[in-house]
Every structure is written in C-alpha cells, then in structure tokens.
Amino acid sequence: MLAVIIIYALILIFIGAFIGRRVKTASDFFVAGRKLNSGLLFTTLIAANLGAGSTVGVTALAYKFGLSAWWWIGSAGIGSIILAYIIGPKIWKISQEHNLFTLSDYLDFRYSKIFSGLLSLMMAVGTLALFSGQLLGIAWILEAVADVPKFYGIICGAVVTTLYFTAGGLLSSAFVNIIEVAIIILGFIVALPFVLKYSGGWSGISSSINNESYFDFFGMGSTAIIGYIVMLVPSFFISPGLIGKVFAAKDERSIKIGTALNGLVQLIFAVIPVIIGMAAFANFPDLKNPDTALPIAMKNMMPFYVALLALAGIFAAEVSTADTVLYMLAGALTNDIYKRFFNPNISDEKLLKYSRVISFSCGIIGVLFALKLENIISALTIFYSLMSVSLAAPLIFGLFVKRASNFGAILSAVLGVALTLFITFYTNETGNLNLYICTLDTVKHVVNFGFVNLNATTCGIIFSFFVMLLSLI
C-alpha cells in the first residue's frame, strides 16, 4: 500500500511540475488565466471540498453520532448551490471588470484596505489550521493502513501538496485535480458495497447498534445541526479559496454548471462516509480514536485491492483540499498583504516568485501546526468559524446592499468574532451567566434562548448580521 501511495504521489508532483512550466504570470498562478471551463471548475471545486473533513472527519462523526453526520457535507453542498446561482455569478462579473485575483481584492474594492487586510490576517491563521487538518487526515490514514508514524505521514502530505502546487498554483492544481477527483469518487463508490457486505447489509448494522437516535437524521441534536448549517452553508459560498476558483472561470455559464454540479455531488457523496462510519461502529465499537474509523474500515472490511483503491481515493481527497488551502494562503500573504500594503508596484514576475516561496514556507509551517492539533474536525472548525463569522455579513451585504459601509463591515466582523470567542472561552463558578434575553452555559459553551440552544459560532454569525443591519440605519 505504501509503495503504491509513493508512486501515486510522484505522479501528482510530476503532473503539477509539467503544467507549472506554462505558468508565466501571477494571473496564471492565482486565477489560471481565467480560462477554466465548467468541467475544470467542477473538478477543482469538488476536489477542494472533498477533503479530510468530508472523508476521515465525517466518518469519525458518523462513528460517534450516526446518520445525522450527513449534515456536515450536506451543509457544504447547500452552500455550493448558493455559490453557483447567487454569489458566484455576481462577484465574478466584478472580478472581470476590475481584474481582481482574490476575495480580499474584492473586499478592498468594496470596502477598504484596512478591512481587507484585517480579514486576510485573520484568514491566514484559520487557513493554517485548515491546512493542518488535511495533513492530519493523511497521517491517520497512513498510520492505520501502513504503520507510518504520524510525524512522517504529516511530512509526506505536506511534501506532495507543496511541491505540485508551488510549481504552478491554481493552473497546476486544476489539472492534477482531474485525476484526484476520479480516484476519490471511484474509490468510495467501489468500497461501499464491500463495507455493507462485511456488516451484513443495512439490517446487520441496525441490529448491531441498539440506539434509535443513531439512525435518526437529526440524532446529534438541534444545537449541533443548526451549528453546522449556520457555520458551513455560508463557508462554502464565501470561502476565499472557492471564490478565487470562481474568479478563474471563463464565463458565467461555467460558474453555474461547474459549481452547481460540485454541490450536487457533495449532497450525494455525503451518504458514503456516513454509512462507512456507522458500519465501523457496528463492527469495531471500542476504537479509542474515531478519526481512525475510516482507515480501520479499509484495513479490515475490504479486500486488499479495494482497500488500495479506497486508500488512493482518501489520499487524493486530503491532498486535493490541501492544495486549495495553500492557494488561499499564497493569495492572502502575497497578493492581499505584501503587495497591497508593502509593495504595490511589485512586478508580475516578482509576485509570482514570492507566491511560490510563500506557498513552500506555508507547507513547512502547516506541518508544525498539524503536530499540535488533536483531531481533524477541531482543526476545520477553527477555520470555518473564523471565516463564517467575519466574512458572511460583509460579503452578502456588500454584494446586494449599496449602503453597506466600511465601518459596518469592520464592526460586524470584529464584534462577531469577539462574541464567538467570549462564548467559547468564558467560564465562571456557577456555570451559567444571565444575559437577560438568554443564558450562557459556561460549561457546554452554548447559549440557551429557552426554545433552542445555539453554539458560539451560530451566535457570532447571527450577531454579525445584526450589527451589519444596524449600520445601515
């Protein structure tokens, strides 16, 4: 298995380097020369979205909570549909008219350098956590199926991703993603029947688990599900990485077809890791680390050749998402911060060179982050929470409300993040804090409104929209 993964990784690096020879300008690196048709846009979006969270992470959630784990990928799919028909076409037109490369370019154009710079710095921290989550996914897989120590698994993922992305940016990753998407989808589709057969079918899984809520579509509870919807739906239509890929589309039709197909595939694909996670719990209920549920299922519930294909699919999923994260980091640190604030007259040639250096450096820093994080979902939650709370209201109001102001955007982002952090980290001896219209449970870190409990991220996003709305008065 390890030998096949090494060969597969070398092929990805070779393709990335070969395509990278065609990258001559920063435009090629950041927006692929604005030449992506619907097919290429679909593959690079779905490859970005089916990563560690959608495979290893969702299987772990399903192992713990059952059928309701679908809401993680399902929410992402809903967000992608909104990107396809509402957000994407509108922001793409603006990017064409004003030659914008990144989401931060748009925020600078719509609001101010201060706001775009503030968001870029915040996203850089969250994006490193996201990149580290992808590296953790690779490490867990290699450790479980090939006995590769976690440290070396993280290094392996970082090396592969960094080398092929640094070579050619979005243009390289778009072509590499074609192979990765094919392997991801084929690997999981082929693996599912063998997992079900090993478990005695759906009836075998249900008879092994004596817990009705485990088979309930809403079994993990309203607080968690609402939290996923509020956090993940906007994350998948405001993500700087996904918006940047939309900027690379050659026309509006490509955006609608490619992005919508990406969302549809997510909604369908979501069922597969959920069933695998539930089957893993039915057969191996005593795993100490739920993040190992997917590799354990591969190793024990499938024939060797099927496990090998599934392993290649998972490796492709983690690497393909990791390259999107490096794309976001390179854009934030070079184009959005260095060029905008320190060297606005930098030549296109030097911007391309610095983007490659920054991408390589972020690969190294991501390894250090990954060694400190405990699990994949916690890593992804850091990123999605920061992004949704700070970006959702300013982006939506900026696109559709002419009166949206720079002051309102900064205030909504800062206060939304501040409230999220307060709910997440505040504790007191009594365990509860009366906020007049609601009560903060400082042990579970949720806010009780009497009829519903909301987590920190949900409260932060709602509050940021409220502040943005007040700023219009």
Side-chain angles (χ1 to χ4, degrees), residues 36-59 61-62 67-92 173-193 217-218 225 228-239 241-277 310 313-314 316-318 320-321 323-324 380 384 388 392 396:
L36 298 189
N37 57 28
S38 57
L40 279 175
L41 186 60
F42 160 71
T43 55
T44 195
L45 285 173
I46 195 65
N49 292 333
L50 297 182
S54 301
T55 54
V56 179
V58 169
T59 304
L61 280 179
L67 195 60
S68 56
W70 179 90
W71 285 100
W72 181 278
I73 309 180
S75 297
I78 295 168
S80 295
I81 300 297
I82 295 173
L83 177 63
Y85 294 108
I86 300 175
I87 303 297
K90 189 171 183 66
I91 200 169
W92 176 82
S173 63
F175 281 91
V176 172
N177 289 161
I178 296 173
I179 298 173
E180 291 170 334
V181 167
I183 297 294
I184 293 167
I185 295 176
L186 180 62
F188 274 85
I189 288 176
V190 171
L192 183 60
F217 200 55
F218 303 94
I225 292 173
Y228 286 159
I229 292 172
V230 175
M231 177 177 71
L232 292 172
V233 169
S235 291
F236 282 78
F237 63 72
I238 65 172
S239 167
L242 303 181
I243 292 289
K245 290 173 185 281
V246 167
F247 283 178
K250 69 174 186 178
D251 52 37
E252 191 173 331
R253 180 176 179 274
S254 296
I255 295 171
K256 291 180 178 179
I257 296 175
T259 311
L261 184 58
N262 147 69
L264 181 62
V265 169
Q266 286 182 82
L267 293 173
I268 298 171
F269 178 88
V271 176
I272 301 178
V274 169
I275 293 176
I276 293 175
I314 298 164
E318 320 313 347
S320 63
T321 300
D323 73 45
T324 298
L380 303 192
Y384 289 133
S388 297
I396 292 173

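We're numbering straight along the sequence, starting at 1.
- Here the closest heavy-atom approach between residue K256 and residue A84 is recorded as CG-O, 3.5 Å.
- Legend: residues meeting side-chain hydrogen bond (donor to acceptor under 3.5 Å, both in side chains) with S68, ordered by chain and number and at least two apart, are absent.
- A distance of 11.5 Å separates CD1 in I78 from CZ in F236, rounded to the nearest 0.5 Å.
- Using a 4.5 Å heavy-atom threshold, the side chains of F42 and V265 count as touching.
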- Message: With side chain to side chain contact (heavy atoms under 4.5 Å, CB included) as the criterion, how do I86 and F237 come out once you've worked through the C-alpha distance, each side chain's angles and the decisive distance to 0.1 Å?
- Response: CA-CA 9 Å; I86 300 175; F237 63 72; over 6 Å; no

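- A249 and L41 get closest at one heavy-atom pair: CB-CD2, 4.1 Å.
- Considering CD1 of I46 and CD of Q266, their distance stands at 4.5 Å, rounded to 0.5 Å.
- W92 contributes atom CH2, which lies 14.0 Å from atom CD1 of I243 (distance to the nearest 0.5 angstrom).
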- Query: Under the side chain to side chain contact (heavy atoms under 4.5 Å, CB included) criterion, do I87 and I238 qualify, and how do the steps go?
  - Reply: CA-CA 8 Å; I87 303 297; I238 65 172; 6.0 Å; no

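- Closest of all the heavy-atom pairs between S54 and P273 is O-CG, 3.4 Å.
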- Query: So L83 and I255, side chain to side chain contact (heavy atoms under 4.5 Å, CB included) or not? Walk me through it.
  - Reply: CA-CA 9 Å; L83 177 63; I255 295 171; over 6 Å; no

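- Between L242 and N49 the shortest side-chain heavy-atom distance falls below 4.5 Å.
- The line from CG of L36 to OG1 of T44 is 7.0 Å long, rounded to the nearest 0.5 Å.
- At least one donor-acceptor pair under 3.5 Å links the side chain of S388 to the backbone N or O of M231.
- W71 places none of its side-chain heavy atoms less than 4.5 Å from the side chain of L232.
- When all heavy atoms of I73 and A270 are compared, the closest pair comes out as CB-CB, 3.5 Å.
- Legend: residues meeting side-chain hydrogen bond (donor to acceptor under 3.5 Å, both in side chains) with D251, ordered by chain and number and at least two apart, are S254.
- Here S235 contributes atom OG and Y228 contributes atom OH; the two are 12.5 Å apart, rounded to the nearest 0.5 Å.
- Summarising the geometry of F217 relative to I225, their closest heavy-atom pair is O-CD1, 4.1 Å, with the distance given to 0.1 Å.
- Going from atom CG of L192 over to atom CD1 of I275 covers 5.0 Å, rounded to the nearest 0.5 Å.
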- Task: Tell me, with the steps shown, if W70 and L267 meet side chain to side chain contact (heavy atoms under 4.5 Å, CB included).
- Result: CA-CA 9 Å; W70 179 90; L267 293 173; 3.9 Å; yes

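- Nearest heavy-atom pair, K250 versus N37, reported as atom, atom and distance to 0.1 Å: CE-CB, 4.0 Å.
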